[in-house]
Amino acid sequence: MTGRWTALVRGVQLYGVALLGLVGFVFTIASFIPGFGFGLVFSLPLPILASRRLARLARLLTHRWTGVAIGDPYLPEPPEPVRQPDGWYRHQRQLYRKPWMPRLMLRLEWVLGDNATWRDLGWMLLAPFTGGLIGLLPAFALVGGVSLPWWGPGGVPTWLLVALGLGAAGLGVAVAPWTLAACARFNRRMLGGALLRSDVDDPSERRHPIRAWFGRTLLPAFRLTLLFLTSMLAIPVFVVTILGLLGGFGLGIYFLVPAVLEDFRWLADMRRSMARWTGGRIASPYRILPPLQRRIDDGLYQVEGRLYESQRWAAFNQRSSWLLKDPATWREVLWRGVDPIVGGLIAFVPAAGIIYGIWGLALPRVTQTLFGVPEADWYGHVAGYAWPAIPAGLLLAVGTAKLAPPLLRLHGRWTRLLLGPTNEAALTQRVEQLTQTRAEASQAQASELRRIERDLHDGAQARLVAVGMSLATIEKLMETDPQAARELLARTRESAATALRELRELVRGIHPPVLAERGLGDAVRALALDSPLSVTVTVRLPQRLPEPIEAAAYFAVAEALGNAARHAEARTAAVVLAHEDDLLRITVRDDGRGGADPTRGSGLRGLARRLGIFDGTVDVASPPGGPTVLTMEIPCASSSPRTSSS
């Protein structure tokens with residue numbers, strides 16, 4: 001019995017800590033306003049660090065009273081600024097004469113960049129109303145039960161109020177250990193568990209039951225709601241398109257038609273990006289804009305059957321013709337007009353059912369039944385009674401939630417019908433892609449041949465010529481000056497060894513022997529040993545891949561590590577090679593300064609061209625400050641040896 005009373009008191013104390021956390025949350029959020037106003041540096045770290053004391057107190061009390069251990073999730077404090085040899089203190093790209101400013105900046109980045117900070121703030125906001133409140137319920141039941149005879153409703157016999165009060169008080173004392181344990185589990189979940197886990201470096205992938213339930217039940221309806229909003233957004237886009245077409249053709253189609261046809265493609269692209277929710281992808285159906293032809297002999301630009309003196313007008317007319325003659329353009333215009341009706345209706349049904357089921361039926365019935373709130377006319381009715389609306393509303397919400405997944409797939413098929421490429425468009429795109437890839441491959445092969453020829457001419461060939469001339473000189477000196485002949489012979493031997501080494505490096509650049517003999521995994525490990533970075537290699541390749549794939553992947557990894565060492569100022573890198581579902585996925589992650597932009601650097605474009613021969617893709621994630629993650633995928637099926645005789 002003593003333990004139950006102790007649990008009751010400890011639950012009240014934990015709730016007191018949660019209330020203090022709410023006060024700290026308000027104080028912390030309020031400090032953001034002057035914090036942003038004064039440059040974030042001076043007023044933000046202090047309240048955030050002060051709030052950590054409350055979170056640490058909750059962890060300590062929870063562990064001490066319930067045995068539920070909650071780990072300390074905070075990142076270690078940043079190191080002190082280091083004075084540079086020139087006397088300055090550096091923070092990112094800014095130099096300071098005194099260390100206090102870079103120290104403040106480091107601490108600000110530390111507290112704002114730590115996920116545990118936001119986890120603490122979430123606990124401080126929610127605990128007084130959710131998990132922390134559970135610990136208070138036994139005390140509330142005890143106090144309420146004991147005082148029930150004094151505040152109970154009139155007309156009820158006193159003996160009944162006393163009995164109910166004693167029952168409530170006894171129930172509160174009896175359940176105190178369980179409510180204290182529930183409060184402890186809530187604190188563990190919020191302050192150190194997986195509920196708010198978002199650490200990118202956390203290797204543990206836990207399947208949380210709440211997220212799983214949300215994803216299984218409500219996520220399809222939520223996605224349909226977003227799709228419904230995009231369908232509604234198509235209404236003004238369609239109206240502007242039609243007005244632009246009417247006005248554009250009236251004014252000569254030059255000014256408004258390209259704008260309304262191309263500049264509003266963002267809506268269709270957004271809908272295609274949402275197609276992954278339906279279990280598939282929708283490729284872009286548009287034809288590739290052909291490059292503008294060079295001037296012909298008379299100095300004019302030819303676009304189809306017309307000649308233009310100005311390159312600007314030639315490019316403008318070529319673009320207009322490309323837009324107007326692409327069937328995908330007009331299918332998209334049709335989609336803009338029809339999707340608010342068809343797509344919007346498909347997406348509207350589950351969202352409306354769930355919203356109406358919960359709010360329109362259940363919640364009003366609860367407020368009317370329990371609190372006497374006046375009934376509104378638009379709320380649902382079941383045979384004129386309020387109480388049956390509660391199960392009816394919940395049943396409607398659950399039924400429409402079950403209906404959401406098939407409707408989401410139906411919505412995807414509808415979107416693919418007008419926004420996906422037709423068979424003819426897909427074949428045309430494939431031919432254009434292969435033509436472009438063949439041209440790039442031919443150009444890359446020609447460049448590689450020129451590099452090999454240049455290296456041979458300037459390196460090994462020149463050294464071998466020198467070796468031959470030295471041997472001729474040695475032959476003449478053997479009889480007149482044997483000592484000079486021996487010295488020249490030693491230098492000739494060194495030149496021959498150097499030429500041999502250069503030939504080996506040249507051969508390694510064409511096709512490394514270790515790659516041919518031991519496969520991609522060992523070749524990348526050997527590459528990591530030669531890299532100036534500290535490279536870790538993880539290989540998950542169940543079998544040898546086709547030789548062209550291995551060569552392309554090897555040189556792609558070499559290019560990525562070279563870029564990390566030369567341009568990113570990285571110190572470490574991690575390479576992961578994985579072969580799954582007939583797809584080779586290569587991930588290269590470095591701790592450099594980030595900011596890699598494929599549109600500015602030729603190295604990343606070269607990688608894309610190299611892998612594009614195999615229909616491979618290159619994806620770069622490189623925020624300023626790093627890290628940089630380079631993901632390369634190469635389909636292995638396209639490079640498999642042909643089995644047909646044709």
Side-chain angles (χ1 to χ4, degrees), residues 210-243 260 264-285 328 330-368 375-383 386 388-420:
I210 296 179
R211 287 200 296 267
W213 177 83
F214 179 80
R216 186 174 58 254
T217 306
L218 296 182
L219 190 57
F222 177 72
R223 288 173 170 174
L224 282 172
T225 303
L226 294 181
L227 292 172
F228 173 73
L229 294 178
T230 60
S231 298
M232 295 300 102
L233 193 60
I235 295 177
V237 171
F238 179 72
V239 172
V240 173
T241 301
I242 296 302
L243 293 178
V260 298
F264 286 104
R265 282 183 175 178
W266 57 268
L267 183 60
D269 292 336
M270 181 172 66
R271 177 61 68 81
R272 292 188 192 94
S273 67
M274 293 178 175
R276 64 182 187 279
W277 296 346
T278 64
R281 299 174 59 185
I282 300 180
S284 178
W330 301 108
R331 293 172 65 232
E332 180 188 328
V333 173
L334 178 62
W335 171 82
R336 294 177 193 176
V338 179
D339 184 67
I341 301 173
V342 180
L345 181 62
I346 297 174
F348 179 74
V349 171
I354 293 176
I355 294 174
Y356 187 77
I358 295 177
W359 174 248
L361 292 176
L363 293 183
R365 299 306 104 179
V366 173
T367 57
Q368 292 166 17
E375 182 178 357
D377 295 336
W378 57 274
Y379 293 150
H381 299 79
V382 177
I390 296 176
L394 295 177
L395 185 63
L396 178 62
V398 173
T400 49
K402 295 287 185 183
L403 194 62
L407 286 180
L408 189 60
R409 292 191 291 272
L410 177 63
H411 196 280
R413 287 195 290 271
W414 154 251
T415 305
R416 192 172 293 104
L417 178 64
L418 288 181
L419 294 186

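Positions are given from 1, in the same order as the sequence printed here. Just the heavy atoms: all of them, side chains too, but no hydrogens, waters or symmetry mates, feed the values below.
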Quiz item: Can you name the closest pair of heavy atoms from Arg271 and Leu419 and give their distance?
Solution: CG-CD1, 3.9 Å

Quiz item: If every non-hydrogen atom of Leu224 is compared with every non-hydrogen atom of His411, which pair is closest and at what distance?
Solution: CD2-CB, 4.3 Å

Exercise. Return the minimal non-hydrogen interatomic distance between Thr225 and Ala351, and the atom names on each side.
Key: OG1-CB, 3.3 Å

Quiz item: Heavy-atom distance under 4.5 Å between the side chains of Leu227 and Ile346, does that happen here?
Solution: no

Practice problem: Check whether any side-chain N or O of Arg331 sits under 3.5 Å from a backbone N or O of Leu417 as a donor-acceptor pair, and report yes or no. | Solution: yes

Quiz item: Looking only at heavy atoms, what is the nearest atom pair of Leu267 and Leu233, with distance?
Solution: CD1-CD2, 3.8 Å

Exercise. Look up atom CZ in Arg413 and atom CG in Leu408, then write down how far apart they are to the nearest 0.5 Å.
Key: 10.5 Å

Quiz prompt | Check: Trp277 and Leu226 side chains under 4.5 Å, non-hydrogen atoms | solution = yes

Self-check item: Minimal non-hydrogen separation, Pro340 against Met232, with atom names
Solution: O-CE, 3.6 Å

Quiz item: Would Glu332 and Arg265 satisfy side-chain contact (heavy atoms from CB on, under 4.5 Å), going step by step from the backbone distance to the final call?
Solution: CA-CA 8 Å; Glu332 180 188 328; Arg265 282 183 175 178; 3.5 Å; yes

Quiz item: So among Val338, Val237, Leu418, Thr241, which one has a side-chain contact (heavy atoms from CB on, under 4.5 Å) with Val333?
Solution: Thr241

Quiz item: Side chains of Met270 and Thr230: closer than 4.5 Å at any heavy-atom pair?
Solution: yes

Self-check item: Residue pair Ser231 / Asp339: nearest heavy atoms and the distance that separates them
Solution: OG-OD2, 2.7 Å

Quiz item: When rounded to the nearest 0.5 angstrom, what is the spacing between CD1 in Ile355 and OG1 in Thr400?
Solution: 9.5 Å

Quiz item: Are the side chains of Pro285 and Arg272 in touch, meaning some heavy atoms are under 4.5 Å apart?
Solution: yes

